[in-house]
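A quick write-up on the structure given underneath.
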Amino acid sequence: LQAGLVGTAALLGACGKKEEAAAPAAAPAASEAAAPAAAPAKVYVVGTDAAYAPFESQNEKGEIVGFDIDVVSAIASKAGVQVKFVNTPWEGIFNAVAQGDRDLLVSAITITDERKQTMDFTAPYFDAVQLIAVKKDSKVAKFSDLKPLKVGVQTGTTGDEVVTKLLGKNSAAIKRFESTPLALKELESGGVDAVVADNGVVIHYVANNAGVGFKTVSDPSFQSEQYGIAVRKGNTAVLDMLNQGLAGIRADGTYDRIYAKYFGSAPGGAAAAA
Ligand code: ARG
């Protein structure tokens with residue numbers, strides 16, 4: 001008898017789930033009566049290089065999580081659309097959106113004039129600045145102190161750009177890595193003397209890897225950066241949806257709640273730059 005009851009409960013549970021899943025697809029079918037079956041609702045594919053905590057990373061279960069993920073998920077629910085996050089290597093991430101393999105990118109991407117030539121960006125959703133990570137006993141006190149040193153960066157990031165400007169394009173002293181955590185590992189093992197990357201990521205890494213003995217060095221010469229969500233150039237439909245959703249989650253307090261969850265204080269506060 002007990003097994004029977006459990007069985008019924010499981011069945012009911014399954015039915016409830018099925019109905020829920022079918023609901024979004026059923027709505028548009030009403031206006032397309034000729035369609036043989038309800039077309040599945042479009043799922044927007046979001047590219048992200050998920051090795052950039054706290055903005056995007058993979059948890060123990062392999063799920064992609066982080067500030068960017070929460071922001072885009074909240075925008076999507078405002079807009080009433082579904083999104084799916086796909087881990088996408090930084091190298092090639094811009095190509096993936098240009099070719100239509102990804103509908104949008106959220107990856108702590110700094111809006112730059114150069115990138116604006118090939119992609120469209122939403123309004124900025126986060127402020128950032130470069131930050132130097134060095135070992136605790138390092139004598140580095142400012143950016144120009146890196147001149148005679150070996151510096152690790154993630155290939156093609158704004159960190160790469162500033163270090164390239166300082167040391168020269170073909171400098172053998174620049175070690176380029178496919179991810180920022182790899183560059184930081186190299187700092188730990190002594191293969192490089194410093195890493196330059198976005199402040200939020202460096203601060204997060206140093207705080208969560210206290211045992212490795214890093215410290216951070218800021219420099220006033222680093223220009224302020226702003227992150228945007230990227231779409232293929234001319235994709236105004238998706239861009240408008242994202243901008244409206246972003247304005248919506250800023251207006252209703254959702255953005256502030258997400259910000260506080262990751263950075264512990266209101267946006268614009270000192271926490272992100274501290
Ligand atoms: N903000 C920097 C840039 O746009 C670094 C972004 C790297 N993002 C990532 N998910 N790896 O160049």
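When a ligand or atom number is given, it counts from 1 through the structure's own listing order.
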- Under the side chain to side chain contact (heavy atoms under 4.5 Å, CB included) rule, collect the residues that match up with V202, sequence neighbours excluded. L131, A133, A197, V206, T216
- Value for CG (L149) from CG (L166), rounded to nearest 0.5 Å, stands at 10.0 Å
- Message: Minimum distance, heavy atoms only, to atom 4 (O) of ligand 1: which one of Q226, R115, E91 is it?
- Response: R115
- Message: I need the atoms of ligand 1 closer than 4.0 Å to a non-hydrogen atom of T157, numbered in the order shown.
- Response: 5 (C), 12 (O)
- Shortest protein heavy-atom distance from atom 11 (N) of ligand 1, along with the residue and atom involved: D49 OD2, 2.8 Å
- Task: Would you kindly specify which portion of E161 sits under 4.0 Å from ligand 1, judged on non-hydrogen atoms: side chain, backbone, both or neither?
- Result: neither
- Close N or O approach (T158, ligand 1; < 3.5 Å): yes
- Task: Of the side chain and backbone of D198, name the one, both, or neither that has a heavy atom under 4.0 Å from an atom of ligand 1.
- Result: side chain
- Query: Are V163 and F143 side-chain neighbours, meaning at least one heavy-atom pair lies under 4.5 Å?
  - Reply: yes
- Task: Describe, in one word, how the ring planes of Y259 and F263 are oriented to each other, choosing from parallel (under 30°), tilted (30 to 60°) and perpendicular (over 60°).
- Result: tilted
- Note on the structure: shortest atom 10 (N) of ligand 1-to-protein heavy-atom contact is with S107 OG, 2.9 Å
- Message: I want to check a possible cation-pi pair here: K42 against Y44, using under 6.0 Å from ring centre and within 45° of the ring axis as the test.
- Response: yes
- Ligand-side contact atoms (ligand 1) for residue partner Y227, heavy atom cut-off under 4.0 Å: 1 (N)
- Task: If a pair satisfies ring-ring contact (aromatic ring centres under 6.0 Å, His included) and one of its residues is in residues 157-183, list it, with sequence neighbours excluded.
- Result: none
- Item | D193 and K150 ion-paired at < 4.0 Å | no
- If you count the atoms of ligand 1 from 1 in the order shown, which ones are under 4.0 Å from a heavy atom of Q154? 7 (C), 11 (N)
- Note on the structure: Nearest non-hydrogen protein atom to atom 5 (C) of ligand 1, with distance, is Y52 OH, 3.4 Å
- Region of F55 that comes within reach of ligand 1 [heavy atoms, distance under 4.0 Å]: neither
- Verify ring-ring contact (aromatic ring centres under 6.0 Å, His included) between Y262 and F55, making sure each step is shown before the conclusion. CA-CA 9 Å; Y262 289 92; F55 297 97; 8.3 Å; no
- Task: Could you list the atoms of ligand 1 found under 4.0 angstrom from a heavy atom of T110?
- Result: 1 (N), 2 (C), 3 (C), 4 (O)
- Message: Distance under 4.0 Å to a non-hydrogen atom of I109: what atoms of ligand 1 satisfy this?
- Response: 4 (O)
- Task: State, with a plain yes or no, whether a side-chain heavy atom of Q226 is found less than 4.5 Å away from one of Y125.
- Result: no
- Does G156 reach ligand 1 with a nitrogen or oxygen that is under 3.5 Å from one of the ligand's nitrogen or oxygen atoms? no
